[in-house]
There are 2 protein chains.
Amino acid sequence: MTDAPPRMTKQRAAVLTVLKQGGFRSAQDWHDRLRHDGSTAGLATVYRALQALTDTGDVDTVLTETGETLYRLCEAREEHHHHLRCRACGAAEDIDMPSIEGWAASVGAEHGYSRIDHTVELTGVCSDCAKAGR
Amino acid sequence: MTDAPPRMTKQRAAVLTVLKQGGFRSAQDWHDRLRHDGSTAGLATVYRALQALTDTGDVDTVLTETGETLYRLCEAREEHHHHLRCRACGAAEDIDMPSIEGWAASVGAEHGYSRIDHTVELTGVCSDCAKAGR
DNA sequence: ATCTAAGTGATAATCATTGTCAAAGAGGAG
DNA sequence: CTCCTCTTTGACAATGATTATCACTTAGAT
């Protein structure tokens, strides 16, 4: 009785296609790109698809300082990693810092905290955007 | 022509008073506590006071995974620090990891990024809440 | 006491996101 | 092929945190 995997519909395929453009973008941004490419998918459908893809681990999410959620196709489903994201164009690099994991757990334990979770995000301006004066 | 410091009103004083209860809480949560203590301050005023206190560095903020902003009185106005926050009761410890600052800058530079900013937040369940079965 | 600009608070507006629900589409059984 | 069922879709309403608006109050200076 494993829950059935969601069906691959035209709309979901279209979402996956635009996601291949890369970069972290908002749901509404991805929706705009989809419409621009001729898709008639509704905004709610895009949200649902992104949510589903996030649940299955195919998409990474990040929150901005304004509370918006940004989504990006997650090429390699690895352990757990962090991001260095360009604030101007949404491009991102995967960063790994293995020592963070252990550090978080030990700092938590030192203070008597359990069930530690952590968030590490880096943002900046990539070289292309810097050249373009962003 | 330095911009005038905001006036200290009855409402702002009241906000500062409840903030002394400690912990990271939402604006609406602080507002509820204020009303419970007999203040008639409006929600908008609480938001404005928290915003002003954040701007002056007297209050620290953190975002939850749902996009809510949490506020806490910032006892010592130091350089830059991170938090270990209890997801159950909002209590928090200040954490410092001096090496993070340099690490962020060097990782950014390695990838050609400039104007690096970083976010590091730890959450967990504090010992009191763990005992209480939260 | 009066004047003036800032602060207040009720309420409306905003914006991302989620819920609702009738209509459309995909398979399977006959 | 046709009917039936169950999922997905898409337009739109609803939510919830935050911000803007605006008439009214109040603190401080003159």
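Order of the sequence lines fixes the chain letters, A, B, ..., with proteins taken first and strands second; residue numbering starts at 1 for each chain.
When ring centroids are compared, A:His83 and A:Phe24 come within the 6.0 Å threshold.
Summarising the local packing, CD of A:Gln21 is surrounded by more than 12 heavy atoms from other residues, nucleotides or ligands at distances under 6.0 Å.
Taking a cutoff of 4.0 Å between a charged side-chain nitrogen and a carboxylate oxygen, A:Asp37 and A:Arg33 do not qualify as a salt bridge. Of the charged side-chain nitrogens involved, at least one lies within less than 4.0 Å of a carboxylate oxygen, so that B:Arg72 and B:Asp94 count as a salt-bridged pair.
Each of C:dG9, D:dT8, D:dA11 was ranked by its minimum atom distance to the side chain of A:Arg12; first place goes to D:dT8. In the set C:dT17, C:dG9, D:dT9, the nucleotide with an atom closest to the side chain of B:Ala41 is C:dG9. Across C:dG19, C:dG9, C:dG7, the shortest atom-to-atom separation from the side chain of B:Thr9 is found for C:dG7. The side chain of B:Gln51 approaches D:dT19 more closely than any other nucleotide in the set D:dT19, D:dA11, D:dT18. Listed nucleotides: D:dT18, C:dA16, C:dT8. Nearest to the side chain of B:Leu43: D:dT18.
In this entry the distance linking NE2 of A:His31 with C1' of C:dA16 reads 14 Å, nearest Å. Separating the CE atom of B:Met8 from the P atom of C:dA6 is a distance of 17 Å, rounded to the nearest angstrom. Per the geometry, CH2 belonging to A:Trp30 stands 17 Å off P belonging to C:dA16, to the nearest Å. The CZ-P distance, from A:Arg25 to C:dT17, rounds to 15 Å in whole Å. A:Glu65 has its CD atom 13 Å from the P atom of D:dT19, to the nearest Å. Atoms OH (B:Tyr47) and P (C:dT11) sit 17 Å apart, rounded to a whole Å. Between the CG atom of A:Leu50 and the P atom of C:dT18 there is a distance of 10 Å, given to the nearest Å.
Residue B:Gln11 places no side-chain N or O under 4.0 Å from the OP1 or OP2 atom of C:dG7. Phosphate proximity of C:dC15 to A:Gln28: absent, as no side-chain N or O sits under 4.0 Å from OP1 or OP2. Residue B:Thr45 has no polar side-chain atom (N or O) positioned under 4.0 Å from OP1 or OP2 of C:dG7.
Once rounded to the nearest 0.5 Å, the distance linking CG of B:Leu84 with OG1 of B:Thr123 reads 8.0 Å.
One donor-acceptor pair, N or O on each side, does fall under 3.5 Å between the base of C:dG9 and the side chain of B:Arg48.
Where A:Lys10 and B:Ser26 meet DNA chain D, the nucleotide closest to each residue was compared, and A:Lys10 sits on the side nearer the 5' end.
Heavy atoms of B:Thr40 sit under 4.0 angstrom from primed sugar atoms or phosphate atoms, though from no base atom.
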